Amino acid sequence: MRLVFGERDTPYQEARVVVLPVPYDLSLSFLPGARRGPEAILLASRELEPFLLELEVAPEEVGIHAAEPVPWVAGSAEESHALIREAALTHLRAGKFLVALGGDHSITHPLVQAHREALGEFSLLHIDAHADLYPEWQGSVYSHASPFYRLLQEGFPLVQVGLRAMDRESLELARERGVGLFPAHRLHREGLPLREILEALGERVYISFDFDALDPSAMPSVGTPLPGGLTYRQVVDLLEAVFREKEVVGMDFVELSPNGQFHAEMTAAQLVYHAIGLKGLQAGWLEARGL
Ligand SMILES: N=C(N)NCCCCNCCCN
Ligand SMILES: [Mn+2]
Ligand SMILES: [Mn+2]
């Protein structure tokens with residue numbers, strides 16, 4: 001066991017939340033390094049204040065356990081994805097709420113499949129600079145640019161927030177399939193259309209967060225940065241609204257690529273911890289006591 005997210009080691013049996021490191025990054029298309037993301041977040045998480053002022057709760061009180069990292073098979077994305085699916089299913093069948101840490105965005109496909117197998121149907125909230133709707137990229141259907149194409153094909157309702165890059169075919173596909181599109185330029189011009197986003201989502205939601213959704217000024221440690229990103233506040237306000245009105249069934253946070261800028265790793269850890277606090281409040285595991 002090791003210290004994560006605050007100062008409390010929670011044994012697996014007692015933990016409600018399992019943080020699952022998934023250091024797979026063989027599907028990246030540009031800068032390498034996302035395999036070091038999970039460990040960097042866990043290391044930074046030890047420096048966080050356990051009590052979260054904004055929520056007036058200590059998310060660690062839900063009981064957080066960091067699982068062993070999921071191994072991968074160097075020559076096979078399919079076998080690596082199977083290992084991810086199996087690891088996620090193990091924890092979900094044990095009744096844990098899963099927070100997966102990537103690793104590249106291709107891991108979301110097996111993670112979401114495992115959540116459907118264990119928990120039934122839900123919609124996807126995808127927060128990212130990139131639509132990741134390519135049928136394949138650089139010759140692979142398992143690219144980090146393709147998970148949401150796969151998931152659309154498998155019938156998941158999809159809402160995408162924070163987009164700054166997609167090709168014309170992906171835009172046509174998204175519109176044809178009724179994807180809820182909320183690109184970053186609209187958010188900057190009009191503010192967060194929270195009501196619209198919430199109406200576009202179902203009652204049960206899986207959240208997939210790509211750290212490059214944040215503007216590089218807030219998150220400089222990602223493999224494919226793009227300008228015009230979201231602020232930390234916009235992301236927190238979006239998450240708070242979703243947790244307040246929806247049942248969040250699972251989450252992943254992907255594409256952190258540590259490059260020596262430790263503030264980025266603290267930002268990543270703080271966001272994950274904040275989201276765990278929101279899940280604790282939504283699920284009734286935590287109660288905010290006014291100061
Ligand atoms: N982080 C990601 N999802 N990146 C996807 C990259 C897809 C193609 N970018 C444009 C390539 C221009 N040659
Ligand atoms: Mn992505
Ligand atoms: Mn991205």
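Atoms considered below: every heavy atom in the structure, side chains included; atoms not considered: hydrogens, waters and symmetry mates. Indexing begins at 1, ligand by ligand and atom by atom, following the structure's order. Note that the structure is a prediction, hence the values are computed from the model and not measured.
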| Do any heavy atoms of F30 fall under 4.0 Å from ligand 1? | no
| request: Considering only non-hydrogen protein atoms, determine which one is nearest to atom 9 (N) of ligand 1 and report residue, atom name and distance to 0.1 Å. | output: W137 CZ2, 4.2 Å
| request: Mark yes or no: R35 above the aromatic ring of Y24, with NZ or CZ under 6.0 Å from the six-membered ring centre and no more than 45 degrees from the axis. | output: no
| message | Under 6.0 Å between ring centres: does that hold for H109 and F148? | response | no
| Among protein heavy atoms, which sits nearest to atom 6 (C) of ligand 1, and what does the distance come to when rounded to 0.1 Å? | S29 OG, 3.9 Å
| task | Around atom 5 (C) of ligand 1, find the nearest protein heavy atom and jot down its residue, atom name and distance. | result | A145 CB, 3.7 Å
| message | So, at under 2.8 Å, which protein N, O or S atoms would a careful student list around the Mn ion (ligand 2)? | response | H105 ND1, D128 OD2, D132 OD2, D210 OD2
| query | Under a 4.0 Å N-O cut-off, is there an ion pair linking R204 with E121? | reply | no
| said: Any salt bridge linking E240 with R233? Criterion: basic side-chain nitrogen under 4.0 Å from a carboxylate oxygen. | reply: no
| message | Take a 6.0 Å sphere around CZ of F262 and say whether it holds more than 12 heavy atoms from other residues, nucleotides or ligands. | response | yes
| said: Any protein heavy atom at under 4.0 Å, with atom 12 (C) of ligand 1 as the reference point? | reply: no
| task | Using the six-membered ring wherever Trp is involved, compare the ring planes of H91 and Y12 and label them parallel, tilted or perpendicular (cut-offs 30° and 60°). | result | tilted
| request: Considering the heavy atoms of D132, write down every atom of ligand 1 situated less than 4.0 Å from one of them. | output: 2 (C), 3 (N)
| field | Residue T224 vicinity, atoms of ligand 1 by number, heavy atom under 4.0 Å | value | 1 (N), 2 (C)
| Around atom CD of E78, are there more than 12 heavy atoms of other residues, nucleotides or ligands at under 6.0 Å? | no
| request: Scan side-chain atoms only and decide if Y206 and D252 contain a donor-acceptor pair under the 3.5 Å cut-off. | output: yes
| task | Classify the angle between the aromatic ring planes of Y134 and W137 as parallel (below 30°), tilted (30 to 60°) or perpendicular (above 60°). | result | tilted
